[in-house]
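Worksheet for the structure shown next.
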Amino acid sequence: MTMAMAMASSASCTVSFRNSFADLGFVSSQLSGLRICCPKFPTPPVTASPSFPAPLPIVARRVCPFTGKKSNRANKVSFSNHKTKKLQFVNLQYKRIWWEAGKRFVKLRLSTKALKTIEKNGLDAVAKKAGIDLRKK
């Protein structure tokens, strides 16, 4: 009988214990009894500091903006005919091209196929067909 009374008193103690933590922003799990922190006010945004590394810069994708060429999934085949996946990247080049309408050079990263197309049709025609605004670059 005293055991039942002890359990009843401990249950009321845990309820009041949980309620006191609820005021502080802690929530107690019913199954395992772990406390999980739930702040009642929003946390400030995280900024780069000496203890945290700075975010990595955004890297340009290996896609030609004029032709839409991108890397190809292929198999690397060994002498024993064992196949492993590999990527065949596009031949992208940084080029300064004279833009006649803008009377200036435009630096572009494009594929060698796009270079040949620009030599044949002109920069304005190829950019218009691809939907690229050269004034931004």
Side-chain angles (χ1 to χ4, degrees):
M1 229 138 64
T2 59
M3 184 70 156
M5 291 171 72
M7 288 177 61
S9 66
S10 68
S12 65
C13 179
T14 56
V15 169
S16 64
F17 184 66
R18 286 187 184 137
N19 289 340
S20 66
F21 275 122
D23 295 336
L24 296 175
F26 290 99
V27 178
S28 196
S29 171
Q30 296 294 326
L31 298 176
S32 62
L34 295 175
R35 289 186 314 197
I36 304 166
C37 180
C38 299
K40 293 185 179 181
F41 48 89
T43 57
V46 178
T47 58
S49 66
S51 62
F52 294 111
L56 296 173
I58 298 173
V59 179
R61 292 177 54 209
R62 294 179 182 176
V63 176
C64 177
F66 289 94
T67 58
K69 287 180 170 275
K70 56 185 177 182
S71 57
N72 182 37
R73 294 288 305 255
N75 285 325
K76 182 166 65 173
V77 183
S78 67
F79 180 74
S80 64
N81 206 23
H82 179 76
K83 296 171 183 70
T84 54
K85 299 289 183 188
K86 72 172 187 174
L87 284 176
Q88 296 172 337
F89 294 114
V90 184
N91 189 7
L92 292 178
Q93 308 290 327
Y94 284 101
K95 287 290 181 181
R96 264 184 37 180
I97 300 174
W98 178 254
W99 180 31
E100 194 63 40
K103 303 288 187 219
R104 64 181 176 97
F105 281 99
V106 182
K107 188 174 182 183
L108 300 168
R109 186 182 191 203
L110 38 89
S111 64
T112 50
K113 179 71 175 178
L115 264 174
K116 289 175 71 174
T117 308
I118 289 171
E119 287 178 8
K120 181 179 177 184
N121 299 333
L123 182 60
D124 280 327
V126 176
K128 184 177 180 182
K129 185 176 179 181
I132 296 172
D133 187 15
L134 294 172
R135 292 173 288 173
K136 294 179 185 175
K137 301 194 181 210

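Worth knowing before you read on, the calculation uses all heavy atoms, side chains too, and leaves out hydrogens, waters and symmetry mates. One-based numbering along the sequence shown.
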Side-chain donor/acceptor pairs under 3.5 Å, residues 109-123, sequence neighbours excluded:
from, atom 1, to, atom 2, distance (Å)
Ser111, OG, Ala114, N, 3.2
Thr117, OG1, Lys113, O, 2.9

Tell me which donor-acceptor pairs under 3.5 Å the side chains of residues 84-98 have, and how far apart each pair is, sequence neighbours excluded?
from, atom 1, to, atom 2, distance (Å)
Gln88, OE1, Asn72, ND2, 3.0
Asn91, OD1, Gln93, NE2, 2.6
Trp98, NE1, Glu100, OE1, 3.0

From Ser78 atom OG to Lys83 atom NZ, the distance as rounded to the nearest 0.5 Å: 8.5 Å
Can Leu134 and Asp124 be said to form a side chain to side chain contact (heavy atoms under 4.5 Å, CB included), step by step? CA-CA 8 Å; Leu134 294 172; Asp124 280 327; 4.2 Å; yes
